[in-house]
Every structure is written in C-alpha cells, then in structure tokens.
There are 4 protein chains.
Amino acid sequence: MQAKSSRQQQAIVRREHLVDTALALFSQQGYDATSIKQIAAAEGVAVGLLYHYFPSKSELLRAVWERHSFLPELRALLLVEHGETAACVLQKVAERFSAMIDRKESLFRLMVRESQSNSEVADCLHAIVEEGITALGAYLETRVELGELRPHNTALTARMLLGTVLTTHLARLPIRPWVELVTQLLHGISAHPN
Amino acid sequence: MQAKSSRQQQAIVRREHLVDTALALFSQQGYDATSIKQIAAAEGVAVGLLYHYFPSKSELLRAVWERHSFLPELRALLLVEHGETAACVLQKVAERFSAMIDRKESLFRLMVRESQSNSEVADCLHAIVEEGITALGAYLETRVELGELRPHNTALTARMLLGTVLTTHLARLPIRPWVELVTQLLHGISAHPN
Amino acid sequence: MQAKSSRQQQAIVRREHLVDTALALFSQQGYDATSIKQIAAAEGVAVGLLYHYFPSKSELLRAVWERHSFLPELRALLLVEHGETAACVLQKVAERFSAMIDRKESLFRLMVRESQSNSEVADCLHAIVEEGITALGAYLETRVELGELRPHNTALTARMLLGTVLTTHLARLPIRPWVELVTQLLHGISAHPN
Amino acid sequence: MQAKSSRQQQAIVRREHLVDTALALFSQQGYDATSIKQIAAAEGVAVGLLYHYFPSKSELLRAVWERHSFLPELRALLLVEHGETAACVLQKVAERFSAMIDRKESLFRLMVRESQSNSEVADCLHAIVEEGITALGAYLETRVELGELRPHNTALTARMLLGTVLTTHLARLPIRPWVELVTQLLHGISAHPN
DNA sequence: GATGAATGAGTTTTCATTCAT
DNA sequence: TATGAATGAAAACTCATTCAT
C-alpha cells in the first residue's frame, strides 16, 4: 500500500469538507434551493473548484449520500446477541436506531426530503426500511420459535418499533420513552389479557 | 346575500384550479423545482395571470396548504363514539387516518418535504401531530379510567398507532395490517403476560 | 352654453382627479417608475377605467402637462405695469416666479426630469425659458431706453434673475433673498463703481 | 506591492467600461427606462456578467456616480489664487464650472434627474451645491475685507453666478456670456449708482 | 361608465456550467 | 490545484394594454 502524497491527502480532505458542507446546506435549505455558489462561499473556495471534485451538482448530491450511507450502520445495530432477552434486544435496537438518526440527522432529513422526487434516493431509503424491517422481523421470528414470544406478525412489530422511533425524530418530539415503548410492545395495554 | 356574477364565479373556480394544479406539481417535483411557468402551462394560462391571483410563489404555496388543511378532517376522525370498545375505536382511527393520508397524499408529501425548510409549514405539521397525539391519548385515558385499559403511557400509544400508520404511508408500504396493529397494541406479543 | 349633465360633470371631475393623481405619482417616482396599476389604486378605481379616459400611459403624461401648463401663468406674471420702477418690477417678477414654482412644484420637477428623455417635454420647457427670458429682457430694454438702466445684455440679466430663482427651487434652498437679489442685480457688488 | 495579473487588469478595465456604458445609457434614457439587457448588449457581453460585477441595477447606478463624482473637481476649480482681482477670479470660476459641466454632462443630467426620486443622489447633489456656494462665498468675503468689494450677501452672489451657469447648461442655451456675467455681477445694471 | 380577468412581452435576477489563466 | 470571468438559459415577477361583462 503506497503512502499518499500530501497533495493527495489534502485533496481528499478538501473533498470530504466539500461533501460535508454540501450536506449541511442541502439539508437545511433543500437541494434545489442551495446554489453551488453558496457551497463554494461557505467553504471559502472558488466556484470552479467544485467542478474539479464533482462533475455536476447532482453528482455532488450523490457523493453526499454515498459517503454517509446509513446501511452499514443500520446493519451493525441490528446485529444482536442471541443470548439476550427480546426485551433487552428491542430496547437496544430502539436506542441505537434513535441515536443513529440523531447522529445523521442532516442526511436523514435530506433523504426523506429528496426521496420524494429523486427515485434513486427513494430506492435507497426504501431498501433501508425493508432491510430494517426484515432483519428485526427475522430476529423476532427466532424468539417466537424459542417460545419467548407469541406467534404474531413480526414484520408489523418491526414497523411499529422503527416507525415510532422514526416519526418521533421527524416530528422533533423531545421525549423518547423507549423503555415504555418496548414494555407496551411486549405486554400491550389491555386490562384483559387474552 | 348577493348572488355572484358569473365572472366572479369563474374567477373563484380558476383560482381553485390553480391551487390544485400547484399542489400536484409542488408535490411531485418539490416547491423549488416547480416553476410558475410550468404551473401556468399546466393550466393553459399566461404566467402573469398567476400573479393576478397570488402575490408571489410563496403565497401560492401558502394558499395550497391553507386550502387543503388537514386539521378539520383530523379532528373529525378523532371524534369517536364513547359507547364502543377501545379495540373498535382504535381500528376505526387507524383506518380513517390511513384513508385520510391516502386522500390527501399530495399535500401530505408536500408538507413533510417543505416543513424541513419552511418553518411555517413545520409549525403547522407539528400542531397536527400534537393535536392527534393529545386527542387520541385523552380518549385512551378515559378507557383507563373505565378499567378497560391498564394505566399506561397513553401518549406513547397514540404515537405508536399514528406513527406506524404514518411511516407506512411515507415508505409507501402496500400492506396495511391495521387489524393486527390494534390487536398487538392491546395485547402485546409476549408469551408471558405479566 | 348648454348645462352639462351630472354624468358628464362627474366624468370631468374624475378625469381631473386622475390627472392630479398621476401628476403626484409621476413627480415623486418618475414616469417610468410609476405603473398604471399604482395610479388606479391611488384613485381607488379599476385599471381598465384609466383607458376610458386616456388612450395610453404616454397620453396620460401629456394630459398632465397640458392641464397644468406653466405658460399662461408665466405670461401673466410677466405682464408688468410700466409705471413702476425697475426695482419694484424685478422684485415682483422674482417673487411671483418663485411662488409659481412653489405652487406647481410637482409639475415643475416632473418636467425637468422627463425633459431629458422626452423631447416634447423638452421643447415645452425650452419654450418657457425662452419666453421668460425674452419677455423679461424686452421689459429691461424699455427701461434702458428710458434711461433708468444702463445699456447692457438684458437677456443675461433675465437669465440671472430667473436662473437664480430656478436653481434655488431645484436645490430646495429654503432662504429666498429676492430683495437683495434685485439690489445686487441693479447695483453690483464692486466697491469701485465704474 | 504586487503586480496585478492580466486577468485582474482586464476585469478592472471591463468594470470601468460597464460603468461608462451604463452612465451613457442612464443619462440618455433615464435609469428606469434603461434595461440591464441594453447595457449588456451595448458592451457586447452576456447579461449575467453585469451581476458578476454589480450586485444589482441600483448598485450599478451607485457605482456610476461614485466613480465620476463631481466633488474633487469642484473643489479644485474653487481653489483660486488670492493675488488676483475678484473680476479675474469670478470669471475663471464661471468658465471652469461651465467647462466641468460640459465635460461631465452625462453624469450631471443623470443626477439632476434621479435626485428627484433617489434621496441618496439628492443628498450628494445638495452637498455639491452647498460646498460650491460656501467656498465661493468665503472667497468673496475675503475680498470684502480687503475693500475690493462692498459688504453684501456673498452667498447670494455665489448662487447667482453658479445658478446662472447651471441653468444655462440645463436649458442647453448655447451662448455663454461669462465675461458680461461677471461685469454685471460686479457693477450692476442701474444707471444711477448709489 | 366601470370592472378586473387575461395576455404577452418585458423586467431584474439567479444559476449551473465552462474555460483561459 | 485553484481561480473567477464569462455564458446562456431560465427563474420570479411586472406591466401596459385589451376586452367580455
């Protein structure tokens, strides 16, 4: 593996900076409402320089969401230890998922926004949702088989957990009662257990 | 009460048409990506006419979401008959809420999108969420008092129900298992009732 | 002479109102910067109505300066009684000229402004200047013949008197020392009379 | 001191060209009646380039009158040698003032015109008038003290001299009798010296 | 006489992109 | 690598004018 020259290093750093600046602005104002000039100004460079690093504005957008992709992180947080109880696992998942959205809030908001007119972004977001529901559902299925959970629509439970966390963030609700969320998911709210 | 002349009638109709056309295009492409020219062309009128009806593009956006406001409908669907069981009521709410989003999908998507950079839209959306959670939570509280439900975090339950329905629509998931949603909400998924 | 019907009367009044409103706005903002819409709004009528009274915006401008023409008034104020001394006459002329500009300040400013690109206005203004200088010069000539004044460039004296009054108004200088103006014009400022 | 690259040089030259072109057109047609497109066309460049150099049309106007400001030149022409007679000085002032207006006729007309709706321009023009009257008046005061001139309203004399020159230019009168102007100013026109 | 909806050409301004330096 | 002058197309918005009612 060859050591990179300082020129190359600097170029990489600058590229990343530009992507981060673009993310921040795209997220706040929306992709269409953000101009190349603004991004260049925020970074303190000339407009032309952006075109050295990215062939076009839309490619810059792509670079943004490719760099910060959720998927690996989502996969990591869904890799649960099978020795623990479902209660424990579900709570960890809820908390980690919530924390991940917090950490990547800009990208999250950007993608939710742009997914509505950019089908590539839409597909990407859709894949994330599918993967989350499938992985969490599959885990729940194993707990049903072990007799810890009743047979039930596990995909729906996954939707409920992830969906509740998601809307909490989208709506910027400050209170995040993930402990109670798991309790209610497990035991329901009826006074008359069937 | 004075009868309106046909000129005035026609003007009102045209105004509404323009708002509807704007909604459709704003929703598909986003507010910023939609030009006044496009809206005028879709309606078959001159660009200048839009400025006869609306002082600016942003006022046209406001007209869009003021005309189709969710709130009245949301309030209506949350007016539940107290004679029925919670299971019945929750299911009706889920179904009606889902149907409402379907019916107003364009506006819904537009507002979710624009709320991220337009604080007025954000406030409006926030108010809707708050009202939904509060009203549904208050209903659940009455069922707790009647002994039909266990004492629990009713606001969270409301979030779970509405949030699950919401994300289902946002993610365009086609399967809408509202019957099971209510069952799981009421009875949980644990094999070991506490 | 036939009495005018009240409809006709009203129409004449409205026309004059419109001309006055147009004068006020043209004068404040300039002809180009004033829109027909603005004039109609200031008068509280529909845009279309202006086109019943005036065939075009430029005709409205013409109506403005034809209605308020300086010339008759200028001629009147230069009709001096020949029995009086030049000192007396010159002072009256200065004062009346100054008062006339005050009274017609809007039109005066409008014409100075528009004369620079509208040759018709320029010609009109030029004619006024010429007529003023000629008439006042001719009067001075009679006083030279009577031996009250020395033979001199009477047209220049007219320019000096009228020009000083004019620039005073154009520059909005508040102090108007017309008495001293005439004294200096007559006797000069040199300590060594030749 | 760093030498400027030829690119920078060229940019500066172009900027000045644009200002000059704008001055010519604004002056002929008026600010409002001159479009950015026209200026760009006259210069043979794209419309957008104007916005590279000036943030808005109104800033271009400001650039025009800041670049060609009268004041320094006016101050220079009023710096008179005190060894000379008042007759000599006043004539030089009249001639130089007249020549200055000729040289800067475009700007002069533009400012007179726009001062009527642009208060910044009005203030600037007012300051010039004030400065001229004050400086020339102060000079006359020194000649009164030396006994060359009678005590009199020196500010008024300044107004008379400058005002007569000014109106001559504004009215485009071709004959400019500055020699006689000074003579009459000094000795008056009365046949009966007091 | 009076309205105001409708138009089409115009305005100022912005923007993504290119390219000589 | 980095600059910013230059472009052309398109944006939002305005306006004088027309005309059916």
Side-chain angles (χ1 to χ4, degrees), chain A residues 7-8 10-11 14-15 32-40 44-60, chain B residues 5-8 10-15 32-40 43-60, chain C residues 7-8 10-11 14-15 32-40 43-60, chain D residues 5-15 32-40 43-60:
Chain A
R7 278 287 274 265
Q8 281 175 305
Q10 199 189 325
R14 168 144 286 175
R15 206 191 124 96
D32 290 302
T34 303
S35 71
I36 289 288
K37 202 176 169 186
Q38 240 183 321
I39 299 170
V45 300
V47 175
L49 190 56
L50 276 153
Y51 285 86
H52 269 280
Y53 290 100
F54 312 97
S56 70
K57 191 186 175 187
S58 58
E59 284 301 313
L60 174 54
Chain B
S5 78
S6 92
R7 290 275 315 278
Q8 279 175 304
Q10 203 185 321
I12 290 168
V13 167
R14 167 141 290 174
R15 207 191 122 98
D32 290 302
T34 303
S35 72
I36 289 289
K37 200 176 170 185
Q38 244 181 321
I39 299 170
E43 192 69 11
V45 300
V47 171
L49 190 56
L50 273 149
Y51 287 88
H52 186 66
Y53 287 102
F54 311 97
S56 68
K57 191 185 173 187
S58 60
E59 284 299 314
L60 174 54
Chain C
R7 276 289 275 266
Q8 281 175 306
Q10 198 189 325
R14 166 145 288 175
R15 206 191 124 96
D32 290 303
T34 303
S35 70
I36 290 288
K37 202 177 169 186
Q38 240 183 323
I39 299 169
E43 192 68 12
V45 300
V47 176
L49 190 56
L50 275 152
Y51 286 85
H52 267 282
Y53 289 101
F54 312 96
S56 69
K57 189 184 175 188
S58 58
E59 284 301 313
L60 174 54
Chain D
S5 78
S6 92
R7 290 272 318 277
Q8 280 175 303
Q9 288 284 13
Q10 203 184 320
I12 290 169
V13 168
R14 167 143 290 173
R15 207 191 120 97
D32 289 303
T34 302
S35 73
I36 289 288
K37 200 176 169 185
Q38 244 183 320
I39 300 170
E43 192 68 13
V45 299
V47 171
L49 190 57
L50 274 149
Y51 287 86
H52 186 67
Y53 288 102
F54 311 97
S56 67
K57 190 184 175 188
S58 61
E59 283 300 313
L60 174 55

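Just so it is clear, the structure is predicted and the values come from calculations on it, not from any experiment. Here is how names work: the chains are called A, B, and so on, in the same order as the sequence lines, proteins then strands, and each is numbered from 1.
Partners of C:Ala46 according to the side chain to side chain contact (heavy atoms under 4.5 Å, CB included) rule, which considers only residues two or more places apart in sequence or in another chain, do not exist here. Judged as a salt bridge (Lys or Arg N to Asp or Glu O under 4.0 Å), and not counting sequence neighbours, B:Glu43 has no contacts.
Counting non-hydrogen atoms under 4.0 angstrom, C:Phe54 reaches nothing in the nucleic acid.
Positionally, the nearest nucleotide of DNA chain F for B:Ser58 lies more toward the 5' end than for the other of C:Ser56 and B:Ser58. For the pair B:Tyr53 and C:Gln10, nearest-nucleotide mapping onto DNA chain E gives the more 5' position to C:Gln10.
For the OP1/OP2 pair of F:dA2 and a distance below 4.0 Å, the side-chain nitrogens and oxygens of A:Tyr51 include no atom meeting the criterion.
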Side chains of residues 48-57 of chain D: which donor-acceptor pairs under 3.5 Å do they make with residues two or more places apart or in other chains?
| residue | atom | partner | partner atom | Å |
| --- | --- | --- | --- | --- |
| D:Ser56 | OG | D:Ser58 | OG | 3.1 |
| D:Ser56 | OG | D:Glu59 | N | 3.2 |
| D:Lys57 | NZ | D:Tyr31 | O | 3.0 |
| D:Lys57 | NZ | D:Thr34 | O | 2.7 |

Pairing pattern in dot-bracket form [Watson-Crick, G-U; both distances under 3.5 Å; | = partner strand] for DNA chain E: .||||||||||||||||||||
Could you list all N or O pairs between the protein and nucleotides 7-11 of chain F that sit under 3.5 Å apart?
| residue | atom | partner | partner atom | Å |
| --- | --- | --- | --- | --- |
| F:dT7 | OP2 | D:Ala46 | N | 3.1 |

Step-by-step side-chain contact (heavy atoms from CB on, under 4.5 Å) determination, B:Val47 to B:Ile39: CA-CA 8 Å; B:Val47 171; B:Ile39 299 170; over 6 Å; no
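On the nucleic acid side, DNA chain E contacts chain C at distances under 4.0 Å to non-hydrogen atoms, with the end points of that region at E:dG1 to E:dG4.
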